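Here the structure is laid out as structure tokens; the discussion comes afterwards.
Given the structure is predicted, the values throughout are model-derived calculations rather than measurements. We count residues from 1, following the sequence as given.
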Amino acid sequence: MSDARNGAGNGPGNDAGGGAGNDPGRYDGPVFRGPSSNNQFAWNNSGAVTQNQQNNTVTGVAPGYERLAAHVAEVLRRLPDAGLPEQDREDAEAAAGEVLATIAGTEEPEAGRLRRALGSLRGALAPVATGVAAGATMGAQEWALAAIAGLGG
């Protein structure tokens with residue numbers, strides 16, 4: 001919670017922030033009394049202020065499966081460029097979604113379910129990796145081989 005005025009004991013040198021010359025009615029910046037995280041501040045600025053925040057962590061994934069989740073997310077992102085026929089692309093997207101659903105949460109995923117989901121995704125990418133997928137684009141075969149290798153097994 002932010003407070004716009006200085007409280008008692010918040011002068012220079014105190015951990016809670018400094019007021020101007022120990023003036024109990026003035027702060028030089030925001031003061032928080034309680035938890036505060038992921039905040040961005042701009043004050044005493046003239047003109048426009050642009051603030052950005054980026055989160056590069058994979059959340060909602062069982063511990064130890066973050067790298068797999070990021071890899072499957074990248075497969076999903078690049079899948080439309082592989083040139084798969086619509087039905088095959090939809091099958092690959094569904095298989096990738098099943099992998100992500102299996103590793104979602106905070107508990108260890110069920111091993112058999114994860115193995116089957118990964119097998120389905122590998123199988124959906126196999127026609128591109130082997131070069132037999134009609135309509136696959138240039139470079140898609142190499143990408144699919146790398147994608148399958150990144151899935152383990």
Closest heavy-atom contact between A129 and I148?
CB-CD1, 3.8 Å
If we check side chain to side chain contact (heavy atoms under 4.5 Å, CB included) with L68, which of these qualifies: L118, V61, L100?
L118
Looking only at heavy atoms, the pair that brings A124 and P127 closest together is O-CD, 3.5 Å
Taken to the nearest 0.5 Å, the spacing of E74 CD from R77 CZ works out to 4.0 Å
Give a yes or no on whether the backbone of G152 and the side-chain of R122 come within a donor-acceptor separation of less than 3.5 Å.
yes
Rounded to the nearest 0.5 Å, how far apart are OG1 of T130 and CD of Q141?
7.0 Å
Which atom names give the shortest non-hydrogen contact between R89 and L79, and what distance separates them?
O-CD2, 3.9 Å
Is a side-chain N or O of E66 found less than 3.5 angstrom from the main chain of G64, in a donor-acceptor match?
yes
Does V99 form a side chain to side chain contact (heavy atoms under 4.5 Å, CB included) with L151? I'd like the steps, not just the answer.
CA-CA 10 Å; V99 171; L151 296 173; 5.8 Å; no
Salt bridge or not for R113 and E98, using N-O below 4.0 Å?
yes
Step by step, would you call V75 with W143 a side chain to side chain contact (heavy atoms under 4.5 Å, CB included)?
CA-CA 9 Å; V75 168; W143 167 78; 4.1 Å; yes
Which pair of non-hydrogen atoms, one from A62 and one from P109, has the smallest distance, and what is that distance?
CB-CD, 3.9 Å
Specify the closest pair of heavy atoms between A117 and T102, including all atoms of both residues, with the distance to one decimal.
CB-OG1, 4.2 Å
Determine whether R115 and E110 make a side-chain contact, defined as any pair of heavy atoms from C-beta on separated by less than 4.5 Å.
no
Answer with yes or no whether the hydrophobic clustering places V128 together with L76; edges join I, L, V, M, F, W, Y residues whose side-chain heavy atoms lie under 4.5 Å apart.
yes
So which heavy atom on A147 is nearest to which on L125, and how close?
CB-CD1, 4.0 Å
